Amino acid sequence: MNARRRTVLTAGAAALAAGCGSSGDGGGDSDGSTAPATAAETPGTSAAELTRTSDVPVGGGTVLKDRKVVVTQPEAGDFKAFSAVCTHAGCLVSSVGDGTINCACHGSRFGITDAAVEAGPASRPLPVERITVEGDSIRLG
Ligand code: FES
């Protein structure tokens, strides 16, 4: 029973993939809405690119652990980036949620707009990282 179900699911996924890749719409990617959800690990992402705008939720953010950067989008179209290294004891922050950047090591929380400390034990904000937003691409610098 399980094997049969698995076959059906696999076939369904293949059909979806085929349908997606063969629609012949000219590959229009002007709105970027079809970008993969895991841009940080997508082989096509260049070394300079941190992430894509569509991967940063409005009112939240994304922790890019391999780059040690957290990118937030406090309001639509307004992107910020900060060091993901917690100013308390150097852990990488673990998540963005409920309007704050959160460090799981000891519970510090930083605002997504300016990385100001909203809850200790950290006493200093996360350092700002410079970014450039070009189209749907977010780069350091
Ligand atoms: Fe982040 Fe301690 S290292 S709260």
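Order of appearance sets the numbers: ligands from 1, and atoms from 1 within every ligand. All figures in this text were calculated on a predicted structure; none of them were measured in a lab.
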inquiry  = So, taking the atom named CD in E129 and the one named CG in L140, what distance separates them when rounded to the nearest 0.5 Å?
reply    = 6.0 Å

request  = Please name the atom of H88, restricted to N, O or S, that is closest to atom 2 (Fe) of ligand 1.
outcome  = ND1

task = With heavy atoms of C91 as the reference, note each atom of ligand 1 found under 4.0 Å away.
result = 3 (S)

inquiry  = At a threshold of 2.8 Å, where the distance has to be below it, does atom 2 (Fe) of ligand 1 have an N, O or S atom of H106 nearby?
reply    = yes

inquiry  = When you measure from the side chain of S108 to the backbone of C103, do you find a donor-acceptor pair of N or O atoms at a distance under 3.5 Å?
reply    = no

request  = Go through the steps to decide whether T100 and D98 satisfy the test side-chain hydrogen bond (donor to acceptor under 3.5 Å, both in side chains), and finish with yes or no.
outcome  = CA-CA 6 Å; T100 55; D98 296 328; over 6 Å; no

inquiry  = At less than 2.8 Å, would any N/O/S atom of C105, backbone or side chain, sit next to atom 2 (Fe) of ligand 1?
reply    = no

task = Identify, by atom number and element, the atoms of ligand 1 in contact range of S108, meaning under 4.0 Å from any of its heavy atoms.
result = 4 (S)

query = Rounded to 10°, how big is the angle at atom 1 (Fe) of ligand 1 from C103 SG to C86 SG?
reply = 110°

ask   = Among L50, V63, V56, which one satisfies side-chain contact (heavy atoms from CB on, under 4.5 Å) with V70?
value = V63

In residues 118-128, what donor-acceptor pairs under 3.5 Å come from side-chain atoms, sequence neighbours left out?
residue : atom : partner : partner atom : Å
R124    : NH2  : T87     : O            : 3.2

inquiry  = Students should be able to answer this: which protein heavy-atom is nearest to atom 3 (S) of ligand 1, and at what distance?
reply    = A89 N, 3.3 Å

message = Assess the residue pair C105 and C91 against the criterion (disulfide bond (SG atoms under 2.5 Å apart)); give the C-alpha distance rounded to whole Å, side-chain angles, the decisive distance to 0.1 Å, and a yes or no.
response = CA-CA 7 Å; C105 279; C91 288; 1.9 Å; yes

